[in-house]
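Keep in mind it's a predicted model, so treat the numbers as computed, not measured.
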Amino acid sequence: VDIDITKPTIDISYDNNSPRKTVGNRGYYPANRTAKIVITERTGHFEADKATAGIKIKAVDSKGEPIVIDKKKLEVDEDGYLKDISKLFENLEWISNKGQTSDDATHTLVLPYSYDANYTFAISYKDLAENINEEVDAAEQKTPYEFTVDKVDPTATITANSKSWDKLLEVLTFGLFDGEKVDVSATSDDVTSPIESVKYYKTDATSVLSDTDLDAVTSWTDITENPTFDITEDEKFVVYLKVTDYAGNYLYINADGYIVDKTKALVTLTPEATELSHNGIPLYNEDVDVLINVVEKKDESYSGIKEVKYWVTCDGITTQEEVLYTFDYDMSNYVAESENVPAYSELLHEFAKTVTISSAANNSCDVVLYVKVTDNAGNVATESKKVDIDITDPTISVKYDNNSHYNVVEDRGYYPANRTATIVITERTGHFEADKATAGIKVKAVDSKGNPIMIGGTPLEVDQDGNIVDISKLFGAISW
């Protein structure tokens, strides 16, 4: 007869007992883990198939679904355990070794957990004599029954307004602008482990930060619970995202360069100097050069000048217009890392150009130069400068009421009666200056000896050329 009353024993050990994180009874490992199962059972009473059948393993992804191997999802029973663990492990083979006695024979199976999965493990064994194993010995083994092998980085997407990115860019551009704010959000996922943290880092650096650079960053902001934030102040920025899973695998991605710019450009119009003015408005009698100077911003949060346009109106009618500068880029055509998207250095910060207001086309008191500057964020600045241009020479006509001379000697007429002259100056309204017109009248009044005539017993005062200094002494009050 064959009598066997000795219960088999089961010992389990693992080569990797360094979980990166433990939650409850489950450990998370960023590397493969190999289990060694040793069953001590009498020689001849060990049944390998029964021992293998007593191994119960669940292998699921983060959604609780059986993992896929060779494009096929592993089959499980109604309790979720694998129907055939050989699909998970290659070359399942028990190795038997004799002991000092027949009851000390050992039977060893190695299980290399090389696939990423959330594993749940259980084992039992009933020998040929139907002795059930003693309590499994897994002493000093970390999380022997529930553990996760995860060697793959999580995935993530970062979205800024309507644009999204899912990798660490190799080339950084600055072709995205907003005149109000930028809403930033992040999504993350992991095939195997839960996501432990989602953090962001915001910088104004215009070159892409590498993995090494980002590893050195210590000022990450945790947004795991609410992975959204917005940027409302004028700012040039790049947002980097760091997503870490429970196994410690982490991923860096970044959004492309973005600029919030709510500030209009500063536009200065400087006409060329003139000593003439009318009602505080500079007055010219020729073409007028005007320097247009545009400064987007003095700090580095500018979106850049998109367009500079000017036009001139004369009495409300446009007489000149021209687009002086256009930045040839359309944000709606943005594609990450494209050569068509500008680098930050390509955004125009300042612009200066002199334009000429044509006097021929704008001979009026009501001449206005307008300049409109639009930046890439859509802010519009409009500046104007009024000038007065007069290139029309005044005309003068002189008429006399008495043209009946008695005699003419060497172009001088002799009249036996009074004579009244009417002077008419044709000049633009507002530009006529009576005092200057009066001062322009030169009259000599002398007797037969060539001396200034006497009025009221006093000779008229004359200048060095003999012209009367004050013609009102001759004519009375002068009124134009």
Side-chain angles (χ1 to χ4, degrees), residues 160-161 163 173-182 204 206 231-237 256-274 280-282 284 287-334 340-359 361-362 364 366-389:
N161 285 357
K163 306 298 182 184
T173 60
F174 280 83
L176 296 171
F177 317 97
D178 200 282
E180 296 182 1
K181 67 173 183 175
V182 175
D204 62 359
T206 56
I231 297 170
T232 58
E233 299 303 319
D234 284 13
E235 188 174 355
K236 168 177 93 326
F237 63 92
D256 213 343
Y258 224 117
I259 297 173
V260 175
D261 181 359
K262 299 183 286 187
T263 306
K264 299 177 182 179
L266 176 64
V267 183
T268 305
L269 307 180
T270 307
E272 62 180 283
T274 177
I281 298 171
Y284 302 87
D287 291 349
V288 183
D289 288 338
V290 181
L291 174 62
I292 299 173
N293 192 69
V294 180
V295 178
E296 236 284 81
K297 266 186 186 179
K298 292 184 178 179
D299 59 25
E300 291 193 351
S301 60
Y302 57 83
S303 61
I305 299 169
K306 175 69 174 177
E307 182 182 81
V308 179
K309 176 183 179 181
Y310 87 91
W311 66 98
V312 179
T313 63
C314 178
D315 299 323
I317 299 173
T318 300
T319 55
Q320 295 175 240
E321 61 181 327
E322 184 181 357
V323 175
L324 300 176
Y325 173 79
T326 299
F327 185 55
D328 188 19
Y329 168 70
D330 185 349
M331 189 172 72
S332 65
N333 296 326
Y334 168 85
N340 297 324
V341 182
Y344 182 72
S345 60
E346 296 178 83
L347 303 178
L348 188 65
H349 173 44
E350 295 180 327
F351 174 87
K353 188 168 185 176
T354 297
V355 298
T356 300
I357 300 176
S358 168
S359 58
N362 300 281
S364 169
D366 185 15
V367 179
V368 185
L369 168 68
Y370 294 93
V371 176
K372 178 181 177 182
V373 178
T374 305
D375 66 22
N376 286 307
N379 302 298
V380 177
T382 302
E383 190 64 46
S384 63
K385 178 66 70 173
K386 189 170 185 178
V387 297
D388 191 339
I389 300 177

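Annotation: ring pair (Phe, Tyr, Trp, His ring centres under 6.0 Å) contacts of Tyr284 (sequence neighbours excluded): none.
Here the shortest heavy-atom pairing between Ile281 and Lys386 reads CG2-O, 3.5 Å. Taking both residues in full, the closest heavy atoms of Thr173 and Tyr334 are given as OG1-CE1, 4.0 Å, listed atom of the first, atom of the second, then distance. Closest of all the heavy-atom pairs between Asp204 and Lys236 is O-NZ, 3.1 Å. Here the closest heavy-atom approach between residue Ser301 and residue Tyr344 is recorded as N-OH, 4.5 Å.
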Give every donor-acceptor pair under 3.5 Å between a side-chain atom in residues 263-272 and any protein atom, sequence neighbours left out.
| residue | atom | partner | partner atom | Å |
| --- | --- | --- | --- | --- |
| Thr263 | OG1 | Asp234 | OD2 | 2.6 |
| Glu272 | OE2 | Asp289 | N | 2.7 |

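Distance CG/Asn376 to CG/Asp178: 12.5 Å, rounded to 0.5 Å. Atom OG1 of Thr326 sits about 4.5 Å away from atom CD of Glu307, to the nearest 0.5 Å. Considering CD1 of Ile305 and CG of Asn379, their distance stands at 12.0 Å, rounded to 0.5 Å. Between the CG atom in Leu176 and the CD1 atom in Ile259 there is a gap of 9.0 Å [rounded to 0.5 Å]. Asn161 contributes atom CG, which lies 8.0 Å from atom CE of Met331 (distance to the nearest 0.5 angstrom).
For an aromatic pair to be called close, the ring centres must be under 6.0 Å apart, and Phe174 with Phe237 fails this.
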query: Passes side-chain hydrogen bond (donor to acceptor under 3.5 Å, both in side chains), Asp261 versus Ser303? Steps please.
result: CA-CA 6 Å; Asp261 181 359; Ser303 61; 2.9 Å; yes
message: Between Phe177 and Tyr302, is the ring pair (Phe, Tyr, Trp, His ring centres under 6.0 Å) condition met? List the steps.
response: CA-CA 10 Å; Phe177 317 97; Tyr302 57 83; over 10 Å; no
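Residue pairs meeting the side chain to side chain donor-acceptor pair (under 3.5 Å) criterion with at least one member in residues 312-324, sequence neighbours excluded, are Asp315-Ser364, Thr319-Asn362, Gln320-Asn362.
With contacts defined as side-chain heavy-atom distances shorter than 4.5 Å, the pair Val290/Thr354 does not qualify.
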